[in-house]
> 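Quick one: this structure, given as structure tokens, is what I'll be asking you about.
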There are 2 protein chains.
Amino acid sequence: MATESSGFPLPEETVEEVSRTFKALGDPTRIRILHLLSRGEASVGRIAGALSLSPSAVSHQLAYLRNLRLVKYRRKGSTYLYSCLDDHVLALLHQTIRHVEHG
Amino acid sequence: MATESSGFPLPEETVEEVSRTFKALGDPTRIRILHLLSRGEASVGRIAGALSLSPSAVSHQLAYLRNLRLVKYRRKGSTYLYSCLDDHVLALLHQTIRHVEHG
DNA sequence: TCGATATTTGAGCGCATATTCATATATTGG
DNA sequence: CCAATATATGAATATGCGCTCAAATATCGA
């Protein structure tokens with residue numbers, strides 16, 4: 001059994017927010033992107049290269065993650081350097097990766 | 001920064017499994033069902049009543065969760081009593097609920 | 001055995017969403 | 001200023017998914 005949390009029923013707003021968080025982590029591409037960014041900032045092109053994805057696909061997913069405040073970026077010349085912004089989500093990800101790998 | 005986990009690149013199989021786990025938690029209905037079941041076993045009809053859902057919708061979601069071994073059931077007469085099976089996923093859920101509620 | 005209740009199961013519909021493609025915007029070097 | 005590079009953005013497409021509805025299965029009580 002896990003630790004105690006909220007009462008019943010769960011507030012609508014809470015459910016929606018929790019759902020948004022897990023949904024963000026529920027896509028293979030976003031998992032790979034976040035995992036890569038957890039090692040340090042990287043440009044869109046670099047991410048695309050490392051993960052064999054089109055720059056456009058990566059950019060779309062980064063926009064998605066940006067809307068949820070899970071990543072941020074800073075400009076460096078003509079490139080955008082992205083990095084992780086949410087430690088809790090990163091913790092969820094790493095925790096689950098470890099659990100899956102040798103759980 | 002969060003705790004250290006797997007190297008790069010993440011194995012395909014790992015990514016898929018992690019993705020499946022989070023996807024299961026990425027739906028409001030499944031969140032409500034799991035949250036309810038974390039308080040103890042319950043029948044399909046009882047879940048449906050508590051969450052204002054059709055028994056069929058609940059049953060479909062339970063089948064989904066069953067396939068991922070996140071819940072199990074036992075028969076009690078003509079009803080099926082479902083309960084949680086995966087403590088890690090339950091921990092992820094409660095952890096995130098707490099974080100969202102007063103993070 | 002028959003009817004009522006509880007649940008499962010499968011098909012179908014409508015909607016969300018991930019990717020691609022084309023185009024727009026911005027920055028740098030020449 | 002122009003061409004080249006890097007990224008963003010929007011439309012279109014294709015796939016996935018949650019719900020409903022109808023029908024099947026199973027259990028229990030009369």
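Below, chain A is the first sequence line, B the second, and so on; all start at residue 1.
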> Between dT8(C), dA26(C), dT9(D), which nucleotide has the shortest distance from any of its atoms to the side chain of Arg75(A)?
dA26(C)

> Take the protein atom OH of Tyr73(A) and the nucleotide atom P of dT7(D), then report the distance between them rounded to whole Å.
12 Å

> Quick check on DNA chain C: between Pro55(B) and Ser54(A), whose nearest nucleotide comes earlier from the 5' end?
Pro55(B)

> With a non-hydrogen cut-off below 4.0 angstrom, is Lys23(A) in contact with a base, only sugar-phosphate, or nothing?
sugar-phosphate

> Think Arg32(B) has a side-chain N or O under 4.0 angstrom from the OP1 or OP2 of dG18(D)?
no

> I'd like to know if the side chain of Ser38(A) reaches the main chain of His35(A), judged simply by a donor and an acceptor atom lying under 3.5 Å from each other, with no hydrogens or angles considered.
yes

> Take the protein atom CG of Leu53(A) and the nucleotide atom P of dA6(D), then report the distance between them rounded to whole Å.
17 Å

> To the nearest Å, give me how far apart CD (Glu41(A)) and C1' (dT7(D)) are.
16 Å

> Atom OH of Tyr64(B) to atom C1' of dC19(D): distance rounded to whole Å?
15 Å

> Leu81(A) CG to dT27(C) C1': how many Å, rounded?
14 Å

> Just how far, in rounded Å, is P of dT7(D) from CG of Leu62(A)?
10 Å

> Measure from the side-chain heavy atoms of Ser59(B) and tell me the nearest of dT20(C), dT7(C), dA8(D).
dT7(C)

> Could you tell me whether the side chain of His60(A) has a donor or acceptor atom within less than 3.5 Å of a complementary atom in the base of dT17(C)?
no

> In a check of side chain to side chain contact (heavy atoms under 4.5 Å, CB included) between Leu25(B) and each of Thr96(B), Leu70(B), Leu92(B), which one passes?
Leu92(B)

> Which whole-number value in Å describes the distance from Tyr80(A) OH to dA26(C) P?
8 Å

> Tell me whether the OP1 or OP2 atom of dA8(D) has a side-chain N or O from Arg66(A) closer than 4.0 Å.
yes

> Side chain to side chain contact (heavy atoms under 4.5 Å, CB included), that's the test. Do Glu41(B) and Tyr82(B) meet it? Break it down for me.
CA-CA 5 Å; Glu41(B) 60 181 7; Tyr82(B) 279 84; over 6 Å; no

> Is there a side-chain contact between Ser56(B) and the phosphate of dT8(C), meaning an N or O under 4.0 Å from OP1 or OP2?
no

> Do Ser78(A) and dT7(D) have a side chain to base donor-acceptor pair shorter than 3.5 Å?
no

> Taking the side chain of Ala57(B) as heavy atoms from C-beta outward, which of dT9(C), dT20(D), dA26(D) is closest to it?
dT20(D)

> Is there a side-chain polar atom (N or O) of Thr79(B) under 4.0 Å from OP1 or OP2 of dA6(C)?
no

> Would you tell me if any nitrogen or oxygen in the side chain of Tyr82(A) comes within less than 4.0 Å of OP1 or OP2 on dA8(D)?
yes

> Identify which nucleotide among dT7(C), dT20(C), dA18(C) has an atom closest to any side-chain atom of Arg30(A), counting heavy atoms from C-beta outward.
dA18(C)

> Is a salt bridge present between Glu17(B) and Arg20(B), judged by a nitrogen-to-oxygen distance below 4.0 Å?
yes

> Would you check if the side chain of Arg30(A) reaches a backbone N or O of Lys23(A) as a donor-acceptor pair within less than 3.5 Å?
yes

> To the nearest angstrom, how far is Phe22(A) atom CZ from dC17(D) atom P?
18 Å

> Can a side chain N or O of Gln61(B) be found less than 4.0 Å away from OP1 or OP2 on dC19(D)?
yes

> Would you find a donor on one side and an acceptor on the other, under 3.5 Å apart, between the side chain of Arg75(B) and the backbone of Tyr80(B)?
no

